[in-house]
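Below is the structure I would like to discuss, written out as structure tokens.
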Number of protein chains: 2
Amino acid sequence: MKNDYTKSQQEMATLFKALGHPARVAIMEHLLKIDACIVGDIVDELPLAQPTVSQHLKELKNAGLIKGSIEGNTICYCVNEKGIEKLSNYFSGFHSKLNKQENKCC
Amino acid sequence: MKNDYTKSQQEMATLFKALGHPARVAIMEHLLKIDACIVGDIVDELPLAQPTVSQHLKELKNAGLIKGSIEGNTICYCVNEKGIEKLSNYFSGFHSKLNKQENKCC
DNA sequence: TTTCTATATTGCAATATTACGATATTGATT
DNA sequence: AATCAATATCGTAATATTGCAATATAGAAA
């Protein structure tokens with residue numbers, strides 16, 4: 001019982017946590033699929049009520065995984081590349097270290 | 001309010017959720033760092049009591065992110081490459097789609 | 001300016017997660 | 001056999017997440 005978590009560990013955990021719900025994975029994929037950053041028809045794509053979707057969007061935004069901009073009456077969300085980049089980098093680093101490692105057990 | 005989540009969305013969410021806690025990120029990184037699949041000295045690396053660490057290890061194992069093998073009195077955990085591969089593939093796909101997309105707003 | 005439409009916020013119930021002390025389990029040591 | 005060491009499981013308290021109805025907000029349309 002010793003070390004506290006590093007800042008990086010905490011940041012990564014926050015990102016992962018934000019994706020740790022199928023609704024939020026679905027939102028990310030939908031934002032990626034429809035090339036335009038279409039808005040609240042995300043609600044129509046999910047088996048959830050509008051306030052619940054709004055809540056999930058907020059979590060994704062707080063985690064830095066999406067961005068939203070107001071467009072008149074409407075809000076336009078899209079993927080925040082920075083967040084994706086962090087995740088993608090993390091795993092490529094992880095993966096390359098894994099290859100160098102010879103598993104001594106398991 | 002329409003579609004249910006796909007199997008893939010659910011699977012990915014499960015993987016992300018498993019990493020959505022700094023202790024579990026720290027465990028993964030530690031297993032990667034010490035080339036050998038060292039055991040319960042993970043407990044000494046974390047600011048948590050042994051039962052709590054055990055619980056986190058179980059979650060990671062259930063999610064398919066680590067493997068454990070009994071070694072006499074001891075248990076040897078190590079990273080499960082399959083899980084990492086899934087995550088790493090997911091993001092590289094995601095990332096390459098992102099590049100093709102011209103953000104119309106945001 | 002009233003009404004409509006899109007979205008966010010609030011309040012709250014149901015459920016899940018996190019942490020840990022106490023205890024169980026199992027192989028190793030004596 | 002008795003004890004020790006490493007780990008898992010159980011029970012439970014504290015906290016966080018999820019989902020939604022009701023309501024608020026703010027720009028657009030009438």
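Here is how names work: the chains are called A, B, and so on, in the same order as the sequence lines, proteins then strands, and each is numbered from 1. Remember, predicted model here, so these are calculated numbers, not experimental data.
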- prompt: Between atom CG in B:Leu57 and atom P in C:dT18, what is the gap in whole Å?
  reply: 13 Å

message: Can you confirm whether or not the ring centre of B:Phe94 sits under 6.0 Å from the ring centre of A:Phe91?
response: no

query: Under 4.0 Å between a side-chain N/O of B:Tyr77 and OP1 or OP2 of D:dA6, yes or no?
result: no

Closest non-hydrogen atom pair, A:Leu65 against A:Met28: O-CE, 3.5 Å

query: Any sub-3.5 Å donor-acceptor pair from B:Asn80's side-chain atoms to B:Gly64's backbone N or O?
result: yes

task: Measure the distance from CD on B:Gln55 to P on C:dA22 and round it to the nearest whole Å.
output: 17 Å

- request: With sequence neighbours left out, write down each residue that passes ring pair (Phe, Tyr, Trp, His ring centres under 6.0 Å) with B:His56, or none if nothing qualifies.
  value: B:His21

- prompt: Rounded to the nearest Å, what distance is computed from the CG atom of residue A:Asn73 to the P atom of nucleotide C:dT5?
  reply: 10 Å

task: Starting at atom NE2 of B:His56, determine the distance to atom P of C:dA16, rounded to an integer number of angstrom.
output: 18 Å

For atom CG of A:Leu48 and atom P of D:dT17, their distance in whole Å: 17 Å

task: Respond yes when some side-chain nitrogen or oxygen of A:Ser54 is under 4.0 Å from OP1 or OP2 of C:dA8, and no when none is.
output: yes

query: If each of A:Glu59 and A:Ile70 is mapped to the nucleotide of DNA chain D with the nearest heavy atom, which maps nearer the 5' terminus, i.e. the 5' end?
result: A:Glu59

message: Both A:His21 and B:Val53 contact DNA chain D. Taking the nearest nucleotide for each, which residue is further toward the 5' end?
response: B:Val53

query: Just to confirm, is there a sub-4.0 Å distance from OP1 or OP2 of C:dT7 to any side-chain nitrogen or oxygen of A:Lys58?
result: no

- prompt: Above 12 or not: heavy atoms from other molecules or residues under 6.0 Å from CD1 of B:Ile70?
  reply: no

- prompt: Does the base of D:dA6 carry an N or O that pairs as donor and acceptor with the side chain of B:Gln50 under 3.5 Å?
  reply: no

- line: Rounded to whole Å, CG of A:Asp44 lies from C1' of C:dA6 at a distance of 12 Å

message: What is the distance, to the nearest angstrom, from the CD1 atom on A:Ile42 to the C1' atom on C:dA8?
response: 14 Å

query: Which part of the nucleic acid does A:Lys17 contact within heavy-atom distance under 4.0 Å: base, sugar-phosphate only, or nothing?
result: sugar-phosphate

query: A:Pro51 or A:Thr74: which one's nearest nucleotide on DNA chain C is closer to the 5' end?
result: A:Thr74

message: How many whole angstroms separate atom NZ of A:Lys61 from atom P of C:dT9?
response: 8 Å

